[in-house]
There are 2 protein chains.
Amino acid sequence: MHTALQFLKDRFAEIDDLRRAGSVLHWDMSTYMPQDGTASRGRMIATVEKVAHEKLIDPAVAALLETASGMPDAMLSTDDQAFLRLARRQFTRASKIPSAFKAEFLQHMAETYDVWIHARKANDFNAVAPFLEKAVRYSQAISDFFNSGETAWVHPMDPHIEDADPGMTTTGLKTLFADLRQDLVPLVRELSSRTRPRTDFLSRVYPKSRQLEFLNWLAQSIGYDFNRGRQDLTHHPFMTKLGAGDVRITTRVDETNLCDGIFSTIHESGHAFYELGLSPSLDGTILGHGTSAGIHESQSRLWENLVGRSREFWIYFYPHLQAHFSDTLQDVSLDEFYHGINCVEPSLIRTDADEVTYNLHVMIRFDIESQLLDGSLKVRNLPGIWNDRYESDLGVRPPSDSQGCLQDVHWYYGSIGGMFQGYTIGNLFSAQCYDAALKAHPEIPKAMAHGNFSVLHSWLKENIYQHGSSFFPQELIRRVTGQDLSSQPFLGYLKRKYL
Amino acid sequence: MHTALQFLKDRFAEIDDLRRAGSVLHWDMSTYMPQDGTASRGRMIATVEKVAHEKLIDPAVAALLETASGMPDAMLSTDDQAFLRLARRQFTRASKIPSAFKAEFLQHMAETYDVWIHARKANDFNAVAPFLEKAVRYSQAISDFFNSGETAWVHPMDPHIEDADPGMTTTGLKTLFADLRQDLVPLVRELSSRTRPRTDFLSRVYPKSRQLEFLNWLAQSIGYDFNRGRQDLTHHPFMTKLGAGDVRITTRVDETNLCDGIFSTIHESGHAFYELGLSPSLDGTILGHGTSAGIHESQSRLWENLVGRSREFWIYFYPHLQAHFSDTLQDVSLDEFYHGINCVEPSLIRTDADEVTYNLHVMIRFDIESQLLDGSLKVRNLPGIWNDRYESDLGVRPPSDSQGCLQDVHWYYGSIGGMFQGYTIGNLFSAQCYDAALKAHPEIPKAMAHGNFSVLHSWLKENIYQHGSSFFPQELIRRVTGQDLSSQPFLGYLKRKYL
């Protein structure tokens, strides 16, 4: 039976290698690939994904999982138990979707993506609507594949959510988000009515190469190890793990938007810290990755917001920033800078939103994808509903679909459903997590004001990072906080900071 | 039966995708991968290669090749006939080597490579000798796998040569090379006795970033399309095809060696032109690659030497180079520059050798690998034999093994045998090929002196590039020149140029 376990480990290590090879292809496509490489790259990525899928749903894997199921837990190390649980989960879920369907769906989404690129530029929702309708049907078909046995669902979005954030459900999240919205809407209203802080200096001219120098130094100064990664420019910043010693981040710089680069870099560094902090014993195994979309997002948002938008952080970093852009920031005090980067204001674009209004953006998308999937919303009515919701929830109405329902890539490249909840789960847990860290080490903010992040890094590594995917999200949340996921700590943080 | 053919095409397209994914992993490893990425990258590359190998030696492929063999040629297009011939060849050869042996061998070579890196730096041949002995045994075992049926051989190096340069044999090449050596040795002696041209200006200080600007412009000016590729820095320059629209080159720049970067860039551009000039109908198929190591090298050497070291080439480019480095090249005339870059002089390092002495370096290696494989030379005697041969053939004796038998990576990363003949095949055919081009279009050099390469590009595309791997090397050589591979055109070129 140990042989069965070893075979499974080898097979899943191979699958993991293929997936990471796919990640290298993606990274390259987003950074350095020449213009005309697109067509063949799409095919290569599809082939690598297909081969990994074949390796996973192989009947030999089923048989060996069955054999390994016969092994009593006492014979297995904790890591092996966690491995078998995750291997079984990945096998079960992958086996539900026929290979041919998957290939067809991936092909459709690649086409949709191309159409979306042009539709967004041209503000032409109608151009992409038929593709989106088809994507909804594919996504519903995926839901149906899961609607039996141990994966039967209550809402068609459940299997999509389960994929990204194991253990979470549409119903559970709806309750949690309703709770959050109830407090968030009046808070936004109150903060919006205040005098707007000065923000003019954030859109002065900051030459791109000077920004990039600062961003590389910033990443390094908060603990990102350039021997184990690198930072490059892309349109849509991301973090990618290509190996235990190769976890890369990307950022973007806008000459007249100082915040864009800074908070992208801190955000992606947060994702990278998670992957770089895993226990070496999980290297190259399927456990050697962050455990879910939401938990991953909690780590990036913790660094971006709770750390990176705190006064203590900038007590240390602002003098450096000011020195780096001495001609441009001379007339701006630390206090003005701090308030400027924390200006709360309803806006149209999710990725530019402040940390208070951000979740309202996410919840609109969450509700809409659940309605698209259960059929209560038709694609043709999407722009209207989107705009109405922005007006009612945020008090702003998009003047165009480009600034409305065409702004995010997710539905035009991934599936419909399960794409957005992770952002809010991440925000909520980031506050719970940071509270727990501060409870254990109240000195963290003080150390930060001296540019010292070592205690925070150690705590996160010990409590979150090292475990990789050994715990499912809710298990991890309970281990770290003694409680379930909740909106109260996040609301408490916002109120303490802003009121 | 058409279904069998389609299945085979799909399968080989998948294999090609996986191989090119492996090439992306290699390119990244050699350019941008962070320091600590090495370990996991080695494993990923091995996995991708292994999976491609499994897909190739699959019994289903054997059965379908059998079925397709039943199809009369008249039912098949020319492309399909060429595809089936190459598919059969790849299947037959890959099937000879057991997967487990291959994995073990690759693992050993990866270890040897690491040891070699240090041994070369430390000038310590003994450190790597046991690894090389084992590599010889592995390479002999590979020979033995092929020594039966239609792949039986006369010399153990034959299957290694057949792999890189289909249709060539140890015996055939020994005769050809002996012929070449006979004329080359006295030619080198005569040229070495002449007054050495001025070369001081080639080792002045040329700042790296300024060099790179020039090299990018140079590649573009000779026809390299940056929409379909890019040029980056590496230790060991190479060209790699990652897709029909993504053929990349790398170069290296040395602040005090102007030639290094220039001739690397032209050389790798030559390789790239071949891959970029393939018929679009071969895209993504196994025919969509240059046909052999030697033919590929002929295309890079044609550009590097016959074009790139010609007077006409520099009539156009020297004024640009001089303007680009106006402070450094002011006192150097075109004539001095031309003679400086064509200085013939026996030296120790193959990659720095001029075009006249270059083949003497290659032939020493060719003879040594053939002796290592047939057992007439023991690894422990390698340094002595190497040094003696340099003394007798080139009149110089390496003062250290780092500048002797440790200089080239090939035996320490690939196999022993089949590694070097391609360089000389390339040199010989480059001259035959260029002769044929000039015969068809005598105006080529004149156009070159105006920076115009279009006729040469068209001729090469028409006669060489477009065919990809549809013809085996000797078929292609006969098609292009009406003759077999021969050393006389190359010797004729050298004599015309240098005497």
Side-chain angles (χ1 to χ4, degrees), chain A residues 10-29 31-52 54-55 103 224-232 241-249 272 276 280 283-285 288, chain B residues 10-29 31-52 54-55 103 224-232 241-249 272 276 280 283-285 288:
Chain A
D10 290 347
R11 173 58 66 93
F12 277 86
E14 253 180 43
I15 293 168
D16 199 61
D17 279 339
L18 290 167
R19 287 175 182 159
R20 282 179 300 112
S23 299
V24 176
L25 299 178
H26 269 289
W27 176 85
D28 180 74
M29 183 167 73
T31 50
Y32 295 114
M33 190 179 75
Q35 176 189 301
D36 290 0
T38 317
S40 58
R41 183 56 53 93
R43 210 181 48 214
M44 279 156 80
I45 290 175
T47 296
V48 170
E49 281 180 6
K50 177 174 165 281
V51 173
E54 286 170 1
K55 292 254 167 205
Y224 182 71
D225 179 354
F226 278 83
N227 286 330
R228 303 179 66 199
R230 48 181 296 122
Q231 177 167 251
D232 297 271
K241 179 175 208 167
L242 308 179
D246 187 359
V247 175
R248 305 186 191 180
I249 57 176
L276 288 165
D283 275 3
T285 77
Chain B
D10 290 346
R11 172 59 65 93
F12 277 86
E14 253 180 41
I15 293 168
D16 199 60
D17 280 339
L18 289 167
R19 288 174 181 160
R20 283 181 299 113
S23 299
V24 176
L25 298 178
H26 270 289
W27 175 86
D28 180 74
M29 183 167 74
T31 51
Y32 294 115
M33 190 180 73
Q35 175 189 302
D36 291 0
T38 317
S40 57
R41 182 57 54 93
R43 211 180 49 214
M44 279 156 78
I45 290 174
T47 296
V48 170
E49 282 179 4
K50 179 175 165 281
V51 172
E54 287 170 0
K55 291 255 168 205
Y224 182 72
D225 179 355
F226 278 84
N227 287 330
R228 303 179 66 199
R230 45 181 297 123
Q231 176 166 249
D232 298 272
K241 179 174 209 168
L242 308 179
D246 186 359
V247 176
R248 305 187 191 179
I249 57 176
L276 287 166
D283 276 2
T285 77

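Lettering of chains follows the sequences in order, A, B, ..., and the numbering in each one begins at 1. Source: prediction; values computed, not measured.
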Could you list the residues that satisfy salt bridge (Lys or Arg N to Asp or Glu O under 4.0 Å) with B:R11, not counting sequence neighbours?
B:D58
Of all heavy-atom pairs linking B:P34 and A:R248, the shortest is CD-NH2, 3.6 Å
Could you tell me which non-hydrogen atom of A:M44 sits nearest to which non-hydrogen atom of B:L242, and how far apart they are?
SD-O, 3.4 Å
In terms of heavy-atom proximity below 4.5 Å to chain A, should B:A244 be classed as side chain, backbone, both, or neither?
backbone
Here the gap from A:M33 atom CE to B:D246 atom CG, rounded to the nearest 0.5 Å, amounts to 6.5 Å
Separation of B:L18 CG from A:L18 CG (nearest 0.5 Å)
7.5 Å
What part of B:D28 gets within 4.5 angstrom of chain A, counting heavy atoms only: side chain, backbone, both, or neither?
side chain
A:Q35 CD to B:N227 CG distance, which is reported to the nearest 0.5 Å
4.0 Å
Non-hydrogen atoms of chain B under 4.5 Å away: do they reach the side chain of A:R41, the backbone, both or neither?
side chain
Spacing of CD belonging to B:E14 relative to CD belonging to A:E54, to within rounding of 0.5 Å:
6.0 Å
Heavy-atom nearest pair, B:S40 first then A:G243, reads OG-CA, 3.3 Å
Taking every heavy-atom pair that is under 4.5 Å apart, which of B:R43, B:K50, B:R228 has the most such pairs with chain A?
B:R43
For A:D232, the side chain to side chain donor-acceptor pair (under 3.5 Å) test, sequence neighbours excluded, returns A:Y32, A:R230
Just verifying a value: how many Å separate A:T47 OG1 and B:K55 NZ, rounded to the nearest 0.5 Å?
9.0 Å
